[in-house]
2 protein chains.
Amino acid sequence: MKGIRRLAQHLDISIGTVSRALNGRPDVNEETRRRVLAAAKELGYVANQSGRSLRQGTTNIIGFMMQTGTEITGQGDTFFMSVFDGVQAVFAKHKLDLVALLCSSQEDPTDYLRRVVARGFADGMILSATQRHDPRVELLSERNIPFVTLGRTLTDAGQPWLDLDFEGMAQASIDRLVAHGHRRIAITRPHDDVNLGYVFVERCRQALAAHGLALDEELIFRSTPNEAGGYQIGRDLVSLDDRPTAIVLINETIAIGFYRALSEAGVTPGRDVAVIGRYSPQAQFLSPSLTCFRLSLRDLGVALAETLLSTMPAFRDQYPHTATNKLWPMELVEGASDAPHFHQS
Amino acid sequence: MKGIRRLAQHLDISIGTVSRALNGRPDVNEETRRRVLAAAKELGYVANQSGRSLRQGTTNIIGFMMQTGTEITGQGDTFFMSVFDGVQAVFAKHKLDLVALLCSSQEDPTDYLRRVVARGFADGMILSATQRHDPRVELLSERNIPFVTLGRTLTDAGQPWLDLDFEGMAQASIDRLVAHGHRRIAITRPHDDVNLGYVFVERCRQALAAHGLALDEELIFRSTPNEAGGYQIGRDLVSLDDRPTAIVLINETIAIGFYRALSEAGVTPGRDVAVIGRYSPQAQFLSPSLTCFRLSLRDLGVALAETLLSTMPAFRDQYPHTATNKLWPMELVEGASDAPHFHQS
DNA sequence: CATAGTTCCGTAAACGTTTACGAACACCAA
DNA sequence: TTGGTGTTCGTAAACGTTTACGGAACTATG
């Protein structure tokens, strides 16, 4: 005898009552409930996941899809672990479990997701590393699976999304650098599949135009979103004849390699070239310390969770005023890397 | 009509035959199988996870347990993503899926794991961030859940484990530094709950003793395994009256903060103090570049997967010669941070 | 032609839950 | 007493699979 039957036999009551007691149904005597809960704890009973979700058609699991073995976003190290912590803080109130669904680099992400939803694995999904055109969005929309994306896509199917405020970062960076006297400003962007690059570049272009400046196409650096990519950008930058006096790094991890390339060329950030980047645990330990845009990853996780829940029928009423689309603000942390431009050009 | 019944109805055969066809049973006509497979693809049918695992008592899922919101090992996201990729390469051959089970920082890891196994969520587990005394090991052993740990525990229950070869790293580091003329060598270690610290410190002590040197207890630095911890170690080190001429950093991420602290004090790695650390994507971009111990994370993942499968009855015969315990070697990458010690002490 | 063997497929029972339904009982008012 | 109203619980039917079992249709063998 196993499972709920064992518990029922042990208490000499029916399995129906046991189930009702454990699930907090009102039609069970409080004394009985107490006994059931005590026995469950004693025998270490936890309802079998398969049986429960087969009957209920629900799993109480939310999947966070990630792709292994690849670097798409350039968000390193502890980024996701912090976001997860915020998500879980919300989920814990609703007995929802967060699991990371790991798509192998050998498998197509959309195929993987199709497999996951067809199997009925999760009640809802959080998608990250969204591409500019991302078939996963359409897939989940069609199947009516609740989901939220971290990152906008170009094909907006009306789904809920959160995204970092790259427009705000672009605007603030350009304004700040221009105010510091810079006129020739370089920017970076990820490869073409990622949407945020377009958003960022266009806003930089607009912000420069507002100051009567043009964005030099030669000064838009494209690279892999990792340290090596940053190194390459640094090499390219210092080798330019008409070197820019400032640069805005859109990714988090590229600053590390960028600094190294500058250092090898005898160029010092904050003196010879102003640098604004993104916060990472390493950023504040670069020398000179990086002026960067920072955000609370845990709060971002909380917002992701709340946005998702606000679209799920079972929880909607508990999150009535949650925005389904939001640009998440980033805060400027002043370092020593973007000192004013004193040289005359 | 849903699920397998829909498929059976569509083909006008029984659900039993459909199931047998999809699961590759021999007692089904090849022509029938072809038709079933085609129809399944056309209708996008994938067997419901709950139904299947309820009947079979097996989930085809392996869980990799991680703790969110905490830094125990000092290994970042890219670390695990690479390991995962190796694990999945093996699992893909056996139609096993890897998911990361995320234990919230609010919940006790052992309670979480108990919940997961009681629910019958996974067929097997991979544990990381193992503590010196880790109740999770006993839990899984008792329940007879196949598992492997990444990291040894003190309470060895005979379970399979893989671990990085910190002994080898300790020995090679000390030998190398002594050969370079260093006599006063500092080391670092994580906090007391983590086993590898003991292993590492003891081997360093032995290696030094073999050269007739004693390990100065004052030169064992303990810190959080992140950049801030490294910064603190750096500050502490430069403020010592009798400063060591070399240091071995056991964690991956601390080098970043350590370099910064040295830089602020006008101390240069590789000239004023020799530094040996662990490889990370950032390490090669530190300046001067870090001499460090590196390993193939993907291969480590492959080994983890094979070790786990070799303990599972269903797969054991396919991995007959897999060692259940293994110290994973690390390779020295020469940088510029551990130059010979030319000063007289 | 009878028998045995093989191939293929349908039937139905399980797996462990949850929950609609109704029964049993106690209580109270008429 | 009767009928109504709650409270509490047991019964049994789902949920979507897989698989043991047996039967039907062939084929081969004597």
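Just so you know, these numbers use all the heavy atoms, side chains as well, and skip hydrogens, waters and symmetry mates. The chains referred to below are lettered A, B, ... by the order of the sequence lines, with proteins before strands, and numbering in each begins at 1.
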Under-4.0 Å side-chain N/O to phosphate OP1/OP2 contact, A/Ser14 with D/dC9: no

Just call it for A/Gly3: base, sugar-phosphate, or nothing, with non-hydrogen atoms closer than 4.0 Å on any strand. sugar-phosphate

Can the ring centres of A/His10 and A/Tyr45 be said to be less than 6.0 Å apart? no

Can you find a side-chain donor-acceptor pair between A/Ser105 and A/Gln67 that sits under 3.5 Å? no

Rounded to whole Å, the CD1-P distance (A/Ile15 to D/dA12) equals 11 Å

Verify the contact: side-chain N or O of A/Gln56 to OP1 or OP2 of C/dT19, cut-off strictly under 4.0 Å; return yes or no. yes

Between C/dG16 and B/Arg55, counting only base atoms on the nucleotide and side-chain atoms on the residue, is there a donor-acceptor pair under 3.5 Å? no

Is any side-chain N or O of B/Tyr45 closer than 4.0 Å to OP1 or OP2 of D/dG16? no

Short side-chain N/O contact to D/dC9 OP1/OP2 from A/Thr32, under 4.0 Å: yes

How many Å lie between CG on B/Leu11 and C1' on C/dC8, as a whole number? 16 Å

Could B/Asp163 and B/Lys326 be called an ion pair, given the rule that one side-chain N must be under 4.0 Å from one carboxylate O? no

B/Ser50 side chain N/O closer than 4.0 Å to the phosphate oxygens (OP1, OP2) of D/dG16? no

Among C/dT17, D/dT17, D/dC15, the one nearest any side-chain atom of B/Ala47 is D/dT17

A/Asp12 or B/Leu54, whichever maps to the more 5' nucleotide of DNA chain D: A/Asp12

For A/Asp134 and A/Thr153, which I'm curious about, is there any donor-acceptor pair between the side chains at under 3.5 Å? no

Record whether the side chain of B/Arg20 comes under 3.5 Å of the base of C/dG10 through a donor-acceptor pair of N or O atoms. yes

Taking OP1 and OP2 of D/dG16, is either one under 4.0 Å from a side-chain nitrogen or oxygen of B/Arg52? no

Indicate yes or no for a side-chain donor-acceptor contact from A/Ser141 to the backbone of A/Val137 under 3.5 Å, with no hydrogens or angles considered. yes

Of the nucleotides C/dG10, D/dC9, C/dT18, which has the atom closest to the A/Asp27 side chain? D/dC9

So, is A/Asn29 close to the D/dT8 phosphate, meaning a side-chain N or O under 4.0 Å from OP1 or OP2? yes

Out of C/dA20, C/dC9, C/dT17, minimum distance to the side chain of A/Arg5 belongs to C/dT17

Quick one: which of C/dT19, C/dG16, D/dT18 gets closest to the side chain of A/Asn48? C/dG16

